[in-house]
Amino acid sequence: MTRTPGSLQGSYDPESVEARWYPIWERSGAFKPETNPDGEPFAIVIPPPNVTGVLHIGHALDHSIQDAVIRRKRMQGYATLWLPGTDHAGIATQMVVERELADEGLTRHELGRDRFVEQVWTWKSRSGGAITQQMRALGDSCDWSRERFTLDEGLSAAVREVFVSLYERGLIYRGHRIINWSPGLMTAISDIEVEYEEVTGQMVRITYPFSDGDPEAREGITVATTRAETMLGDTGVAVHPEDERYRHLIGRTVRLPLMGRDIPIVSDAAVDPGFGTGAVKVTPAHDPLDFEIGNRTGLEPIQVIGEDGRMTTAAGVFAGLDRFEARERVVEALRGGGYLEGIDEFVHTVGHCSRSGVSIEPLLSRQWFVKVDDLIGPAVEVVRSGLSRFVPTRWEKNYFHWMENLQDWCISRQLWWGHRIPAWYCDQDGAVLVARERPDGCDRCGNRSLRPEDDVLDTWFSSALWPFSTLGWPEDSPDLQRFYPTDVLVTGYDIIYFWVARMLKMGMEFVEEVPFREIVIHGLVRASDGRKMSKSLNNNVDPMEMIELYGADALRLSLLQAASPGQDVPFDVQWVDAARRFGNKLWNATKFALIHIEPGSVPQTGGYPENPGPIDCWVLGRLGEVGSRVDSLLDDHRLADAYSLLYSFVWSEVFDWYLEMAKPVLAEGGPEAASTRRTLGVVLRDILKYFHPAIPFLTEELFNHLVGDELLITSPWPDLPHHRAPGGISTLQELVSSLRRLRSAHGIPARHKLHVILHDPDGVSSDWWNPQLGALVGAAAVTAPHPPEDPGYLRLEAGAVEAFVPFEGLIDVEAERERLRLRIERARGDLEQVERKLSNQAFRLRAPAEIVEREEARAADAARLLATLDSQLQDLGS
RNA sequence: GGGCGCUUAGCUCAGGGGAAGAGCGCUUCCUUGACGCGGAAGAGGUCACAGGUUCAAAUCCUGUAGCGCCCACCA
């Protein structure tokens, strides 16, 4: 089913390469852990994207990292599971379907709950698969046979089990509290779904006159507020008990303007005497702090703003007005009544619904809550003790900081799409029944017509169970046993609070083991100017468009190279383009190799030459060094560093040097050429292996040409024998570079052969240098026992080798002198610097020996260079 | 009000106590039989600023300035 290997035709075309391999991988079973039954398990569960969603650039980053990790582990012989799935995303999905209904002129209420939910399922089956198709285009090697959806039967059972048992443990309760109400969505939302924005508003000061003193005195107490309309629901005024200005007023009553209600002045320590006027109007129904003060001092809440954001009948003449309209009208009315002391501009933060953007209304409401205090302890402890490790660790600080000041989590939502809360009400005796299955009747009065709870759970409730619910919990399934705790979680820092913390809490509470051993945090992908990508700025980058233009491989590599752990990545097409060009380079290098080696003849593993020639030995040695460095970087999840290192090694060493040095060897034929052909094959093969996790499609394609029938995706990770680079290589490279510089500086044309006399007292050079010098710089060298005595030669140094080039008629002598003077100046500077360092006694005493040695060597080098340059200058004649 | 980052080449960013790095851009040369989606040679940086620790600081510490992000019930 794989393609017959052959030589490569044409040029690199990502689209055709990428179309081919995904189905082959999937059919081969490589994505499933069963492909390697004896392997040690290694598991990642995907952060489930919304079913409504399409792949955005953030997913592309998140998935590139996960896929790179999982692919490498697979090649290293683990039984890897990358478990995919999607989230039902309550609000988001419901909104999409509601909008569709609106186009037909319908509302969900007209449709009714059951038909509406049915409609959402239909919608889900129709377009919910879009994102999973896009994941395939990206190359995500997940096990689709284990795909999960948060509303699946199994996951729903997990949700019910967790809800009921938390309720039984007293960790879930139903309470009447101030919650964040989104008038836009008509539902409660949790604290962390509120986004705070700084706005400039008005702080109005209002005087409430005393109603219990001399009516003629026209005295009162002045309060300040930014939400004037809430004064209609005031049931008291609070001051700090120690506040000298107001202490004597505690217990008196004032008449609430516009409403004519008498309300008491109370004292409460929560009041900040330094803020505003030091006296707070208390609206228990519309402010969390006021609600608490009200509870402590016995002030009743009066709800004046309704769930739709309009004033209620309790607001008197303002009833029916929109809350913002009411704010203006109330201020006007207060001004008219002479109650208004003044208006100041005031900058403060206002909460907005992260979904609908509407300003949040704190509302007194009966909702379900999770008491988080008891769950935090173990979730903090496992991170502190390192059982679950954040990468990079600095995110732990943020995690702890956040865990310290957590409020109870409001989990009920007034939506239809989601997990219905497993509670039933008996309307006869007011009993609340919470159960895994619908109870037959009220356990107290026997009433058989129980009313089910209408509310559904916050989407994040089911997400919190994801690492174990997807593996079969509450059943003690084989997958749960084998893959839990999962090994790595890869996610952005933006959902540490929403999601990661809650998974840790729930995992510890219900499975009593950490959900994942490592938490790899990446940043957000930003626009190239560093700003957030958003629809309103119209600076969104569509990953699918990138894939079309540059290929998934290029997109992945560019994201991986740019993503430093935990750091935001500004996205720029130039990176993707550079990555594509790298792909092109790989393609062409393989094409070159296939001219010289039989397609399909490279062994899948091993096959390193027994007696490698000098350049082969060098490249194998370098590959080994770089490879082990790359391995340790990858182990530390420093993917950006690993792939950047590989990228520059492959391009600037293997392709720019080794391939060029291989050409003359291959041309000559003989046993040397055989070794080089072999080396060329295995080195390319190993490079493909190292790059496979980042650029899976192209590497698979090229591997297929080199190796034949075996799939790269399940080939073993490279394991190189140690090779020691022969000393001559770096000297040769230095010499070549010097000669190239000479050519370049003086415009010596390529066709002009350079004749070089080598003086090589240590015998560093050898026979194989000559063809190399010929191919790489167009130079021919002869070795002489002594440096030439007559003038007219330019001396170059490469390590212990001196090279003499006759310059008569070749170079611009004046220009060369100028160049030398400049270099001499620089060399002097260097020498002085090193000598200064070496003459420092403290340095000699304190610095480690190897550093001192290195500095000494440096000084010697600098001195020799200076001498060389000086003599060069003399050779040119002054 | 707390916390966490960032400031390095023209641009976008890596690096993180012992000789300043990448990609893109820029200059010059090269129609080399893998690749012009390429090659070679270059120019370009007091690593934000000020102190400190150290034999040695872009790197560690303290402070300052600017810019981001997160958290918080200042009405």
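Convention: sequence-line order gives letters A, B, ...; per-chain numbering from 1. Since this is a predicted model, take the numbers as computed values, not measurements. For the numbers below, each heavy atom of this structure counts, side chains included, while hydrogens, waters and symmetry mates do not.
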Response to the item:
For B:rU62, the nucleotide meeting Watson-Crick or G-U wobble distances (both under 3.5 Å) is B:rA50
Fill in: A:Glu856, CD atom: more than 12 neighbouring heavy atoms under 6.0 Å
yes
Worksheet item: Under a 3.5 Å cut-off for both distances, is B:rG42 Watson-Crick or wobble paired, and to whom?
Response: B:rC26
Worksheet item: Expressed in whole Å, how much space separates the C1' atoms belonging to B:rG16 and B:rG21?
Response: 12 Å
Practice prompt. Select from A:Phe592 and A:Tyr497 the residue whose nearest nucleotide in RNA chain B is closer to the 5' end of that strand.
Written response: A:Phe592
Worksheet item: Side chains of A:Lys281 and A:Thr230: is there a donor and an acceptor less than 3.5 Å apart?
Response: yes
Worksheet item: Can you tell which of B:rG23, B:rA41, B:rA75 lies closest to the side chain of A:His348?
Response: B:rA75
Discussion item. Categorize A:Asp656 for me: base, sugar-phosphate, or nothing, with a 4.0 angstrom heavy-atom threshold over every strand shown.
Written reply: sugar-phosphate
Worksheet item: Over how many whole Å does the gap from A:Gln833 atom CD to B:rG18 atom P extend?
Response: 14 Å
Discussion item. Using only modelled atom types and a 3.5 angstrom limit, is any donor from either the side chain of A:Gln407 or the base of B:rA72 paired with an acceptor on the other?
Written reply: no
Worksheet item: Say you pick atom P in B:rA40 and the same atom in B:rU32; how far apart are they, in whole Å?
Response: 14 Å
Worksheet item: Looking only at atom P, what distance separates B:rC6 and B:rG25, rounded to whole Å?
Response: 29 Å
Worksheet item: Is the number of heavy atoms from other residues, nucleotides or ligands under 6.0 Å of A:Arg826 CZ greater than 12?
Response: no
Item to complete: Could you work out the separation of B:rC4 and B:rG18 based on their P atoms and round it to a whole Å?
Response: 26 Å
Discussion item. Only pairs with both distances under 3.5 Å count, Watson-Crick or wobble alike; so what is the partner of B:rG68 in this structure?
Written reply: B:rC4
Discussion item. Tell me whether the side-chain N/O atoms of A:Arg743 come closer than 4.0 Å to OP1 or OP2 in B:rC29.
Written reply: no
Worksheet item: Quick one: which of B:rC69, B:rG42, B:rA14 gets closest to the side chain of A:Arg526?
Response: B:rC69
Discussion item. In whole Å, measure the gap between the P atoms of B:rU59 and B:rA19 for me.
Written reply: 15 Å
Practice prompt. Looking at every strand, decide which applies to A:Asn584 at a 4.0 Å heavy-atom threshold: base, sugar-phosphate, or nothing.
Written response: base
Discussion item. Please classify the nucleic acid contact of A:Arg205 as base, sugar-phosphate, or nothing, using heavy-atom distances under 4.0 Å.
Written reply: nothing
Worksheet item: How close or far is atom P of B:rC73 from atom CZ of A:Arg177, stated in whole angstroms?
Response: 11 Å
Fill in: Geometric cation-pi criterion, A:Arg740 with A:Trp657: 6.0 Å, 45°
yes
Worksheet item: Do A:Arg502's NZ or CZ and the ring of A:Trp409 fall within the cation-pi criteria of under 6.0 Å and 45°?
Response: yes
Discussion item. Output the rounded distance in Å from CD (A:Glu835) to C1' (B:rA19).
Written reply: 15 Å
Fill in: Atom CZ of A:Arg629: over 12 foreign heavy atoms under 6.0 Å
no
Worksheet item: Under 4.0 angstrom, heavy atoms only, what part of the nucleic acid is A:Val271 near: base, sugar-phosphate, or nothing?
Response: base
Worksheet item: Is there a side-chain polar atom (N or O) of A:Trp651 under 4.0 Å from OP1 or OP2 of B:rG39?
Response: yes
Worksheet item: Does A:Val280 or A:Phe498 map to a spot on RNA chain B nearer the 5' end, using the closest nucleotide for each?
Response: A:Phe498
Fill in: Spacing of A:Trp587 atom CH2 relative to B:rA34 atom C1', expressed in whole Å
12 Å
Worksheet item: Base, sugar-phosphate, or nothing for A:Arg858, non-hydrogen atoms under 4.0 angstrom?
Response: base
Worksheet entry | Sugar-phosphate only, base, or nothing, as touched by A:Ser644 at under 4.0 Å among non-hydrogen atoms | nothing
Item to complete: Indicate, with a heavy-atom threshold strictly under 4.0 Å, whether A:Ala578 touches base, sugar-phosphate, or nothing.
Response: sugar-phosphate
Worksheet item: Taking the side chain of A:Tyr196 as heavy atoms from C-beta outward, which of B:rG15, B:rA22, B:rA72 is closest to it?
Response: B:rA72
Worksheet item: Across all strands shown, which nucleotide pairs with B:rA9 by Watson-Crick or G-U wobble geometry, both distances under 3.5 Å?
Response: none
Fill in: Touch class at under 4.0 angstrom, heavy-atom based, for A:Gln567 against every strand present
sugar-phosphate
Worksheet item: Counting side-chain heavy atoms from CB outward, which of B:rA34, B:rG38, B:rG18 is closest to A:Arg581?
Response: B:rG38
Practice prompt. Give the ring-plane orientation class for A:Trp402 versus A:Tyr497, where under 30° counts as parallel, over 60° as perpendicular and anything between as tilted.
Written response: parallel
Worksheet item: Of the nucleotides B:rA75, B:rA19, B:rA14, which one has an atom closest to the side chain of A:Lys281?
Response: B:rA75
Worksheet item: Reckon A:Leu659 touches a base, only the sugar-phosphate, or nothing at all at heavy-atom distances under 4.0 Å?
Response: base
Worksheet item: Rounded to whole angstroms, how far apart are CD on A:Glu195 and P on B:rC69?
Response: 12 Å
Worksheet entry | Side-chain donor/acceptor of A:Thr283 to backbone N/O of A:Ala285, under 3.5 Å | no
Worksheet item: Which value, in whole Å, describes the distance between the C1' atoms of nucleotides B:rG66 and B:rU28?
Response: 39 Å
Worksheet item: With sugar-phosphate meaning primed atoms plus P, OP1 and OP2, does A:Pro570 contact a base, only sugar-phosphate, or nothing at under 4.0 Å between heavy atoms?
Response: sugar-phosphate
Fill in: Plane angle bin for A:Tyr643 and A:Phe691 - parallel if under 30°, tilted between 30 and 60°, otherwise perpendicular
tilted
Worksheet item: Under 4.0 angstrom, heavy atoms only, what part of the nucleic acid is A:Lys397 near: base, sugar-phosphate, or nothing?
Response: sugar-phosphate
Item to complete: Round to the nearest Å and state the distance from A:Ile521 atom CD1 to B:rC69 atom P.
Response: 19 Å
Worksheet entry | Pairwise P distance, B:rC11 and B:rU46 [rounded to whole Å] | 13 Å
Worksheet, complete the sentence: Side-chain contact check for A:His401: nearest option of B:rC24, B:rA22, B:rG2 is B:rG2
Worksheet item: Hey, does the side-chain of A:Lys837 have a donor or acceptor N/O within less than 3.5 Å of a partner on the base of B:rA19?
Response: no
Fill in: Nearest to side-chain heavy atoms of A:Thr226, which nucleotide of B:rC69, B:rA75, B:rG18
B:rA75
Worksheet item: Only one of A:Tyr399, A:Tyr493, A:Phe400 clears ring pair (Phe, Tyr, Trp, His ring centres under 6.0 Å) with A:Phe390; which?
Response: A:Tyr399
Discussion item. With a cut-off of less than 4.0 Å, is there a side-chain N or O of A:Arg638 near OP1 or OP2 of B:rG16?
Written reply: yes
Worksheet item: Please give, in whole Å, the distance from B:rA57 P to A:Ile851 CD1?
Response: 14 Å
Practice prompt. Among B:rA40, B:rG15, B:rA34, find the nucleotide with the atom closest to the side chain of A:Arg740.
Written response: B:rA40
Worksheet item: With sugar-phosphate meaning primed atoms plus P, OP1 and OP2, does A:Asp272 contact a base, only sugar-phosphate, or nothing at under 4.0 Å between heavy atoms?
Response: base
Worksheet, complete the sentence: Winner on side-chain proximity to A:Asn398, out of B:rC4, B:rG15, B:rA40, is B:rC4
Practice prompt. Could you please name the option among B:rA22, B:rC73, B:rG38 that lies closest to any side-chain atom of A:Lys585?
Written response: B:rG38
Discussion item. Just to be sure I understand the rule, does A:Tyr399 reach a base, reach only the sugar-phosphate, or reach nothing, if contact means heavy atoms closer than 4.0 Å?
Written reply: nothing
Discussion item. Within the 4.0 Å heavy-atom criterion, would you say A:Glu855 contacts the bases, only the backbone, or no part of the nucleic acid?
Written reply: sugar-phosphate
Worksheet, complete the sentence: To the nearest angstrom, the CG-P distance between A:Asp268 and B:rA75 comes to 16 Å
Worksheet entry | P gap between B:rC67 and B:rC24, integer Å | 33 Å
